[in-house]
Amino acid sequence: MRQRPPTQHLKEQTMSEVRLRFPPSPTGYLHIGGARTAIYNWLFAKKHNGKLVLRIEDTDAERSTQESIDGIIDGLTWLGITWDEGPYFQTEFAADHAAAAQKMLDSGDAYKCFCTVEELEAKREAAQAAKLDFKYDKTCRNLSAAEVAAKEAAGIPYVIRFKVPEQEGAVVFEDAVYGRIERKYRDIEDFVIVRSNGKPLYLLCNVVDDIRDRISHIVRGQDGLANTPRQILIYQALGAKLPIFAHMPLTLDLQKRKISKRSHGEIVAVQYYREIGFLPWGLINFLVLLGWSSGDDREFFSEAELLEAFSLDGISRSNSIFNYKKDDPKFITDPKALSINGHYLQTIAIEELAGLVKPFLQKAQIWDDAYEAGRRDWFLQTLGLIRERYYTLVDFTTLGRAYFADDFEVEERAIEKNITKNPQLVEWLPLLADRFAALADYNKETVEQAARALAEELGIKPGILINGARTVTTGCLAGPGMFEVLETLGKERVTSRLRNVAKLFA
RNA sequence: GUCCCCGUCGUCUAGCCAGGUCCAGGACACCGGCCUUUCACGCCGGCAGCACGGGUUCGAAUCCCGUCGGGGACGCCA
């Protein structure tokens, strides 16, 4: 990335009303790219005491679904991204779009084009064959009023095209991220704004809606950058004030392809992160860092800190890569995302964590209502103990299953390393169980004493007993301090699991 | 093909506009050590990058030109 663009225009703009929008098209679930766009818009609006408008761009009737609309709203809600107006639906403003097209027709900024799709196709192919760039050849641009009337009378269908100025010069604008962008008039073709069936195109609808919604800042993906000059032409033809444009870099996969629901599936769906046990803020914190930096080395932000630090100037110009490997089970998603989520999982208030873990335990059918009643203290303490190495809420039901149920799996590697290597554990562990059973007061101190004493009697390293016990009582190779674990698990579970060690030799 | 944008460790990035304090800093991942007569956590350390080539300059990651690489846009999709 090169130098930061000038930011003076932003300062001027903040004096008037700040209004942002997030305009998803409901053709699939909310994916992380869309979520990131929403987050940036939300942050900017909030930071500047502005408003965020949610606008569903549902003009593509074939691909838009109610399910998708619900999914998007659901995803935003889960993330905690709030909007101040809407959802508006683009289809409800068809009259505005039509009126805008008519206005441009009247003012001479647009014209009716009677060329058929077939004719255009043929010309496009011819151009391609000759290795030439194809732009609409303006056949209908200079039709006389009489000619137009005749064609219309004959019932020939037409599209409406924008009349791009035939002059030297260019559309110039200052992008808040990419700096000065220029597009020469002669490089812009007379683009279609209304289809032959009377339906206006996205390019038009989008601008008309943004004008009506008084959007002051458009923060969107870099794929919109090339559309911007054409949209600016429409703003000008409609006599509207231009918003500030800020284009953000795209998120690519490891093969540098644009991430999409179609080619990447659930791993890019916001919904997926909820299911695998992300905290909403963990995902937001990860996503916001994908293409933006506060300028210092901070990586974790509270909402207040993020609002304080966020600025369009910190948005990078180069695309970033969402780092995950499809066939590696260790990469259920980008490791950095996991690490950030783990940070929050390990540091939020334990009571809050309890509420987040509950649905996961319920889903795994290892929830007990006593965790909110008589066993609440035990529950909170246990969560606090085991969360140290967990990255997602699901970990509590998998890695942590042994704390809540007896039907847990034992890791193969743990068996190899801590059990079968010492065959005598078949006798030693039940012996240890006897010692624990005999304890009048069963707690981490007495348990430790008993274990160390037994190890000494047997003439073995305490570690052998400790790691063996870890494996049979928790099923895991690693975890918190063993004596605390034994205490939290309780005498009953511990002794019975220790006595059951023989089954691991089967 | 045409137009536009981008290029610092494997990944996210700081540094670039206002050249020297950068034989390039942080984080994740990975590796090693310490701690633990228990794995881990934690702590400490390591690996690894300015795409390439010219130019300007006493001095370039930073400025200029070119090359290469990557991405985006070029629809009666949104």
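Order of the sequence lines sets the chain letters (A, B, ...), proteins ahead of strands, with each chain counted from 1.
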Task: Spacing between A:Phe322 atom CZ and B:C28 atom C1', to the nearest angstrom - done: 14 Å

TODO: Remember a base hit wins even if backbone is also touched, and classify A:Pro462 as base, sugar-phosphate or nothing at under 4.0 Å, heavy atoms.
DONE: base

- [ ] For A:Gly221, report the nucleic acid contact type (base, sugar-phosphate, nothing); a contact means any heavy atom under 4.0 Å.
- [x] nothing

Task: Which residue lies more 5' along RNA chain B, comparing A:Gly463 with A:Tyr391 via nearest heavy atoms - done: A:Tyr391

Task: Residue whose nearest RNA chain B nucleotide is more 5′ - A:Gln346 or A:Pro335 - done: A:Pro335

- [ ] Decide whether A:Tyr273 and A:Thr333 meet the rule of one side-chain donor and one side-chain acceptor closer than 3.5 Å.
- [x] yes

TODO: Indicate for each nucleotide in nucleotides 71-78 of chain B, in 5' to 3' sequence, whether protein heavy atoms under 4.0 Å reach the base (B), only the sugar-phosphate (S), or nothing (-).
DONE: SSS-SBBB

TODO: Return the nucleotide paired to B:C52: Watson-Crick means purine N1 to pyrimidine N3 with N6-O4 or O6-N4, wobble means G-U with N1-O2 and O6-N3, both under 3.5 Å.
DONE: B:G66

Open item on the list: Before we go on, tell me: are the rings of A:Trp292 and A:Phe301 under 6.0 Å apart, centre to centre?
Closed with: yes

Task: Identified side-chain hydrogen bond (donor to acceptor under 3.5 Å, both in side chains) counterpart of A:Asp190 within the set A:Lys163, A:Arg141, A:Lys135, A:Arg161 - done: A:Arg141

Open item on the list: Taking only the C1' atom of each, what is the distance from B:G49 to B:C28 in whole angstrom?
Closed with: 16 Å

- [ ] Establish, for the pair A:Arg298 and A:Phe300, whether the NZ or CZ atom is under 6.0 angstrom from the six-membered ring centre and no further than 45 degrees off its axis.
- [x] no

Task: Residue pairs fulfilling salt bridge (Lys or Arg N to Asp or Glu O under 4.0 Å) with at least one residue in residues 453-472 of chain A, sequence neighbours excluded - done: A:Arg435-A:Glu457

Open item on the list: With rounding to the nearest 0.5 angstrom, report the CE to CZ distance, A:Met248 to A:Arg317.
Closed with: 15.5 Å

TODO: Could you tell me whether the side chain of A:Lys336 has a donor or acceptor atom within less than 3.5 Å of a complementary atom in the base of B:A29?
DONE: no

